[in-house]
Amino acid sequence: MAPTPLRQGVPTAIAAFATLAAVVGTLSYLDIPSLLTQRKEAKKVSKARYNPNDTPSLLAFKALVEQDTLPSTYPLASNIERNIPIYDARSLNLTDTKVIEAFQDEVFHILYDGPGVLVMKNFFRDPSSIDAANAAFTAIINREAEAKLSDPAYFGTTKYDKTPNAWISNSFSKLCLQDPETFLAYFSNPLFPVICSAYLGPQYKITAQVNAVRPGGKPQHLHRDYHLGFPSREDVAKFPKQMHELSRLLTMQGAVAHADMPAESGPTRFLPYSQGFGEGYMATGREEFKQYFAENYVSLPLEKGDALFFSPGLFHGAGENVSQDVDRIAHLFQVSCAMGKTMESIDTHPLIEATYDLLADMQGKEGMEREVDAFVQSVAEGYPFPSNPDKRKPVPGSKGPESEQQLLRRALSGNWEKAKLMEELSGMRQACQAST
């Protein structure tokens, strides 16, 4: 007997119900209702800027900074002291690509998501570079003091009526013009590009200052650094939240010890992991954060030739020099990524002109490739913008025009005379000017 239409529909209905149940079960398993709710909530517009009158959460800040740095996280570090990874340049094989890549991974993690600061022992293995630079800096300090060009109180004052603190702005350019040979030896250190490019990528730009703090020199206030570390809290609040995050990613801070810095001389004080605090630029001026910093900062002594590098977003401040006879002398660096503006203006042309013949001699020596490359990256502009596309066309294989670094390398490989290089550089600069 043939089945009735009702009986024919029962299996179909059961199958459809089973399919529907399976779909509902899958949606529930995948938590789709919750995801749909989240999507609805995500459409709510949040505040784009911090309110300068709001108080950042000290509790959330503590949860961030009160963590431990584990040796297993940074296996290439020789030691972890007071939450700060310490490396030794003598154990870093610059000819081993895999080792360098692994080291750069650790540097990036430290500065971006880790404690925010690292120490490199023996950054300058040969103290002669430091000694020669110190002699040049002394001459510059004396000349500027006599001409009253520098402000000894710029970087703090001493408690005693003795020799004032000393400060050299734009020591990068001034060292080059004072002593080109020492400048070449100093900034051809191949560790500069290894560390700078690890955090900032290629085409970075170095600016530098010298700071000499005499016995009795007072400590700095808690702060963050350039860019958003400079304006007032009210002005900082005008920048959207993502620019607060971006500010700490545009630059990297560094310093080389130009004299031994025992603890009593007041090496820089740090609060590891604080660079990750989103409201950090809004918090450094508040008393509760100042007090917490004063009670919990860490600091490490340095020896001449050691270096440290840190995120500009890290809560920090130079310490007090309570020694009786130690001048704390540091060569400070702000290294800017290609897409950021440097803190100081650098005219590269006179620096290249002063060092080109010396650099060409270095180029001709066997085994100096890394040093030559390090210096080219330090002294010349690697980023070819802003430019004038009407006058400067892209180089083959790129959408951008030739950079100073590319031109300098072309001059070195072609054994150009200095006059030809400077003429080409001048033409490049002129061609970058806006068309009218």
Side-chain angles (χ1 to χ4, degrees), residues 133 136-137 139-141 143-144 147-151 154-155 166-180 182-184 186-187 192-193 196-197 199-211 224-231 235 243 246-256 312 330-356 359 374-388 392 400-408 421-422 424-434:
F137 292 149
I140 295 168
I141 289 170
R143 182 173 65 247
E144 293 190 346
K148 297 182 179 180
L149 295 176
S150 60
D151 180 4
Y154 178 83
F155 208 79
W167 174 267
I168 302 175
S169 62
N170 194 6
S171 58
F172 186 85
S173 299
K174 292 174 182 176
L175 174 60
C176 179
L177 300 178
Q178 175 73 26
D179 188 344
T182 293
F183 179 79
L184 173 63
Y186 196 100
F187 285 102
F192 273 117
C196 294
S197 64
Y199 190 60
L200 301 169
Q203 303 170 5
Y204 57 83
K205 192 62 187 170
I206 298 174
T207 59
Q209 305 82 35
V210 172
N211 176 37
R224 278 179 158 187
D225 275 331
Y226 183 78
H227 297 258
L228 291 185
F230 284 17
D235 285 340
M243 300 308 296
L246 183 61
S247 181
R248 72 178 179 98
L249 305 179
L250 289 173
T251 62
M252 179 184 68
Q253 302 295 109
V256 172
H331 200 190
L332 310 174
F333 307 108
Q334 296 81 38
V335 190
S336 296
C337 75
M339 286 76 76
K341 286 190 174 184
T342 58
M343 192 174 79
E344 294 178 320
S345 298
I346 303 291
D347 185 354
T348 59
H349 287 197
L351 311 187
I352 294 172
E353 185 174 21
T355 57
Y356 179 70
L359 181 61
F375 185 76
V376 169
Q377 292 188 66
S378 294
V379 75
E381 292 283 359
Y383 196 56
F385 300 100
S387 185
N388 184 336
R392 303 196 66 222
E402 186 176 39
S403 69
E404 285 186 357
Q405 288 184 12
Q406 290 171 319
L407 178 59
L408 180 53
L421 171 62
M422 298 313 299
E424 290 285 333
L425 284 170
S426 179
M428 175 185 288
R429 179 172 288 181
Q430 184 64 33
C432 286
Q433 301 302 312

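Predicted model only: the values in this text are computed from it and were never measured. As a basis for the values below, the full set of heavy atoms in this structure was taken, side chains included, without hydrogen atoms, waters or symmetry mates.
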TODO: May I ask you to test the Gln377-Pro193 pair for a side-chain heavy-atom distance under 4.5 Å?
DONE: yes
- [ ] Would you name the heavy atoms of His349 and Met422 that are closest together and state the gap between them?
- [x] O-CE, 3.4 Å
Open item on the list: If you apply the rule side chain to side chain contact (heavy atoms under 4.5 Å, CB included), what do you find for Met252 with Cys337, and how did you get there?
Closed with: CA-CA 8 Å; Met252 179 184 68; Cys337 75; over 6 Å; no
Open item on the list: Checking Glu344 against Gln209: is there a side-chain donor and acceptor pair closer than 3.5 Å?
Closed with: yes
- [ ] Run the numbers on Phe137 and His331 for side chain to side chain contact (heavy atoms under 4.5 Å, CB included), then give the verdict.
- [x] CA-CA 10 Å; Phe137 292 149; His331 200 190; 3.6 Å; yes
Open item on the list: Once ring pair (Phe, Tyr, Trp, His ring centres under 6.0 Å) is applied, do any residues pair with Phe183, and if so which ones, sequence neighbours excluded?
Closed with: Phe172, Phe187, Phe375
Task: Contact check, side chains of Asp347 and Leu351, non-hydrogen atoms, under 4.5 Å - done: no
Task: Polar side chain donor-acceptor pair, Glu404 to Thr348, under 3.5 angstrom - done: yes
Open item on the list: Between Glu402 and Arg392, does any NZ, NE, NH1 or NH2 come within less than 4.0 Å of an OD or OE carboxylate oxygen?
Closed with: no
Task: All salt bridge (Lys or Arg N to Asp or Glu O under 4.0 Å) counterparts of Arg248, not counting sequence neighbours - done: Glu245
- [ ] Specify the closest pair of heavy atoms between Tyr383 and Ala338, including all atoms of both residues, with the distance to one decimal.
- [x] CD2-O, 3.2 Å
Task: Intermediate values then yes/no, side chain to side chain contact (heavy atoms under 4.5 Å, CB included), Lys341 and Tyr226 - done: CA-CA 10 Å; Lys341 286 190 174 184; Tyr226 183 78; 4.1 Å; yes
Task: Thr251 side chain to His227 side chain, donor-acceptor N/O pair below 3.5 angstrom - done: no
Task: Which atom of Ser173 lies closest to which atom of Ile346, heavy atoms considered - done: OG-CD1, 3.7 Å
Task: Ring-ring centroid check Phe333 Phe192, cutoff 6.0 Å - done: yes
Task: Minimum heavy-atom distance between Ala136 and Asp179, given as atom pair plus value - done: CB-CB, 4.3 Å
Open item on the list: In the structure I gave you, are the side-chain heavy atoms of Trp167 and Ile141 within less than 4.5 Å of one another anywhere?
Closed with: no
Task: Least distance between heavy atoms, Thr355 atom then Cys176 atom - done: CG2-SG, 3.7 Å
